[in-house]
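As structure tokens, the structure follows; a few thoughts come after it.
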Amino acid sequence: MIIAVDGPAASGKGTLAAGLARHYGLPHLDTGLLYRAVGRAVAAFDGTPEFESRAIDAAKTLDATHLEGIEELTSAAVGVLASQVAVIADVRAALFDFQRRFATQPGGAVLDGRDIGTKICPDADAKLFIVADSKARMERRARQLEARGQVVDRYALYHQIEERDARDMANPHGGFYQASDAHLLDTTRLDIEAALRAAVALVDAAVAGKAGH
Ligand code: C5P
């Protein structure tokens with residue numbers, strides 16, 4: 001079974017995808033980490049003419065060692081770099097195969113990102129599109145960062161999330177929209193447990209629907 005979980009920054013999709021993976025006993029890939037790893041690898045070239053070619057090279061040679069250092073990888077600054085490399089078509093193409101291989105392993109998988117239901121796994125058994133309002137997303141991300149001991153400027157964080165959303169929505173190579181067969185889940189007023197219960201119910205219904213029950 002392949003489960004595709006998409007949504008904007010800090011919508012709760014990563015937490016929900018991890019919870020769904022535990023619930024169904026499936027492996028989970030947070031595809032945002034791939035773009036973050038590429039962005040971090042080329043941070044030193046930000047604003048230079050080499051940025052694009054370096055990012056393409058980094059995406060083509062990406063392996064598990066580039067995903068180490070999760071604290072830095074999940075920082076707001078690396079998130080902005082990730083959204084910059086994500087608009088490069090050759091970066092997306094290089095990361096496509098990695099994601100597709102993960103999705104099609106025997107038994108299936110849960111993938112979360114922006115274009116899983118539209119481009120990576122248009123054939124997924126269940127697709128969820130997770131949303132939450134901007135203030136709720138900022139507050140959640142702020143608490144995550146604070147729990148890791150980071151000092152958070154909420155005003156700056158809010159604007160970083162908005163900047164990232166705007167770049168992602170305008171990405172011409174994206175596919176960052178709700179697939180026509182994806183189920184919408186708004187987590188603004190839900191805690192983690194309630195959101196996961198709702199997500200499991202949607203996946204079960206989608207799978208039962210496909211099986212013709
Ligand atoms: O999911 P996360 O916020 O960690 O993703 C970081 C950035 O990586 C996003 O803002 C987006 O630009 C990019 N991304 C993408 N396609 C995906 C996952 C993430 O372009 N499937």
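Because only heavy atoms are used, hydrogens play no part in the values below, and waters and symmetry mates are left out as well, while side chains stay in. Not measured: the values here are computed from a predicted model. We count ligands from 1, going down the list as the structure has it; atoms in each ligand are counted the same way.
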- Is Ile161 isolated, or which residues cluster with it under the ILVMFWY side-chain rule of less than 4.5 Å, directly or via members?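 Other cluster members: Met138, Leu145, Val152, Leu157, Tyr158.
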- Among Ile, Leu, Val, Met, Phe, Trp and Tyr joined by side-chain contacts under 4.5 Å, find the other residues sharing a cluster with Leu184 and list them by chain and number.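 Under the 4.5 Å side-chain rule, Leu184 groups with Phe129, Val131.
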- Message: Show every side-chain hydrogen bond (donor to acceptor under 3.5 Å, both in side chains) that has at least one partner inside residues 14-29, sequence neighbours left out.
- Response: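 Listed by first then second residue: Tyr24-Asp204, His28-Asp112.
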- Message: Any non-hydrogen side-chain atom of Ile70 less than 4.5 Å from a side-chain atom of Leu33?
- Response: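 When only atoms from C-beta onward are counted, Leu33 and Ile70 do touch, with a gap below 4.5 Å.
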- Scan Leu20, Ile116, Val110 and name whichever one has a side chain to side chain contact (heavy atoms under 4.5 Å, CB included) with Leu128.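 Checked Leu20, Ile116, Val110 against Leu128; only one passes side chain to side chain contact (heavy atoms under 4.5 Å, CB included): Leu20.
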Considering only N or O atoms, set out every pair between ligand 1 and the protein closer than 3.5 Å, with distances to one decimal place.
{"residue": "ligand 1", "atom": "1 (O)", "partner": "Lys13", "partner atom": "NZ", "Å": "3.3"}
{"residue": "ligand 1", "atom": "1 (O)", "partner": "Arg114", "partner atom": "NH1", "Å": "2.9"}
{"residue": "ligand 1", "atom": "3 (O)", "partner": "Arg114", "partner atom": "NH2", "Å": "3.2"}
{"residue": "ligand 1", "atom": "3 (O)", "partner": "Arg164", "partner atom": "NH1", "Å": "2.9"}
{"residue": "ligand 1", "atom": "3 (O)", "partner": "Arg164", "partner atom": "NH2", "Å": "3.4"}
{"residue": "ligand 1", "atom": "4 (O)", "partner": "Arg36", "partner atom": "NE", "Å": "2.6"}
{"residue": "ligand 1", "atom": "4 (O)", "partner": "Arg36", "partner atom": "NH2", "Å": "3.3"}
{"residue": "ligand 1", "atom": "10 (O)", "partner": "Arg114", "partner atom": "NH2", "Å": "3.3"}
{"residue": "ligand 1", "atom": "10 (O)", "partner": "Arg164", "partner atom": "NH1", "Å": "2.8"}
{"residue": "ligand 1", "atom": "10 (O)", "partner": "Asp168", "partner atom": "OD2", "Å": "2.8"}
{"residue": "ligand 1", "atom": "12 (O)", "partner": "Asp168", "partner atom": "OD1", "Å": "2.6"}
{"residue": "ligand 1", "atom": "16 (N)", "partner": "Arg92", "partner atom": "NH2", "Å": "3.1"}
{"residue": "ligand 1", "atom": "20 (O)", "partner": "Arg92", "partner atom": "NH1", "Å": "2.8"}
{"residue": "ligand 1", "atom": "20 (O)", "partner": "Arg92", "partner atom": "NH2", "Å": "3.3"}
{"residue": "ligand 1", "atom": "21 (N)", "partner": "Thr31", "partner atom": "OG1", "Å": "3.0"}
{"residue": "ligand 1", "atom": "21 (N)", "partner": "Arg114", "partner atom": "N", "Å": "3.2"}
{"residue": "ligand 1", "atom": "21 (N)", "partner": "Asp115", "partner atom": "OD1", "Å": "2.9"}

- Item | Identified side-chain hydrogen bond (donor to acceptor under 3.5 Å, both in side chains) partner of Thr187 from the options Arg140, Lys13, Arg137 |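 The single option meeting the side-chain hydrogen bond (donor to acceptor under 3.5 Å, both in side chains) with Thr187 is Arg140.
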